[in-house]
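Numbering starts at 1 and runs along the sequence shown.
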Amino acid sequence: LLRLRLDTGRTHQIRAHMEYIGHPVVGDPKYSPRRHGFAIKGQALHSVSLEFADRQGERRHFTAPLPDDMAKIIEKLRKASGRG
């Protein structure tokens, strides 16, 4: 579980960098095609918060809760590590 802050919105930025350092995103078909053993649809990649300036220069900020499938994976891993 990581919290990352991006300065740009480059395509595949997180996915490519995580694979490069040997920790690919679970469920990523491009950078981590091997089986991962977790019940998740898609990738274990979620943006909790997003902020940007719109075309009029107004700051926009959005948040989203963690999807249920990702929350279940995190809970399972916490229990397995003795932290949950």
Side-chain angles (χ1 to χ4, degrees):
L1 180 60
L2 302 171
R3 183 173 295 238
L4 306 170
R5 180 186 168 107
L6 304 178
D7 292 326
T8 68
R10 301 192 93 173
T11 304
H12 306 278
Q13 183 180 13
I14 294 172
R15 296 164 58 202
H17 286 239
M18 293 304 298
E19 191 276 333
Y20 178 78
I21 64 170
H23 299 285
V25 174
V26 170
D28 187 332
K30 182 176 178 89
Y31 297 99
S32 179
R34 58 191 171 273
R35 294 201 140 311
H36 50 74
F38 294 104
I40 188 169
K41 294 177 182 174
Q43 303 169 42
L45 185 60
H46 175 68
S47 180
V48 172
S49 175
L50 177 66
E51 185 174 328
F52 60 91
D54 67 16
R55 290 183 179 181
Q56 289 76 37
E58 296 281 332
R59 296 299 299 172
R60 302 290 180 189
H61 184 238
F62 302 91
T63 60
L66 191 65
D68 287 340
D69 57 354
M70 288 180 65
K72 288 177 185 174
I73 289 171
I74 292 168
E75 183 63 26
K76 181 179 179 180
L77 291 172
R78 283 185 174 145
K79 286 181 180 178
S81 70
R83 296 182 183 159

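Residues Arg3 and Val48 are not in side-chain contact: their nearest non-hydrogen atoms beyond the backbone lie 4.5 Å or more apart. Two residues are said to be in side-chain contact when any heavy atoms from C-beta on lie closer than 4.5 Å; Ile21 and Met18 meet this criterion.
To the nearest 0.5 Å, the span separating OG on Ser47 from CG on Leu6 amounts to 8.0 Å. To the nearest 0.5 Å, atom CG of residue Leu1 and atom CE of residue Met70 are 8.0 Å apart. Annotation: the span from Ile74 atom CD1 to Leu66 atom CG amounts to 4.5 Å, rounded to 0.5 Å. Between the CD1 atom of Ile40 and the CD1 atom of Ile73 there is a distance of 4.0 Å, given to the nearest 0.5 Å. Interatomic distance, CZ of Arg5 versus CD of Glu51, reported as 8.0 Å (0.5 Å rounding). Interatomic distance, Asp28 CG to Glu19 CD, rounded to the nearest 0.5 Å: 9.0 Å.
Leu4 and Val25 end up in the same hydrophobic cluster when Ile, Leu, Val, Met, Phe, Trp and Tyr side chains are linked at under 4.5 Å.
The shortest non-hydrogen separation linking Gln43 to Gly27 is CG-O, 3.6 Å. Across every non-hydrogen atom of Tyr31 and Pro24, the tightest pair is O-CB, 3.8 Å. A pairwise comparison of heavy atoms in Ser49 and His61 identifies OG-NE2, 2.7 Å as the closest pair.
Within 6.0 Å of OH in Tyr20 there are 12 or fewer heavy atoms belonging to other residues, nucleotides or ligands.
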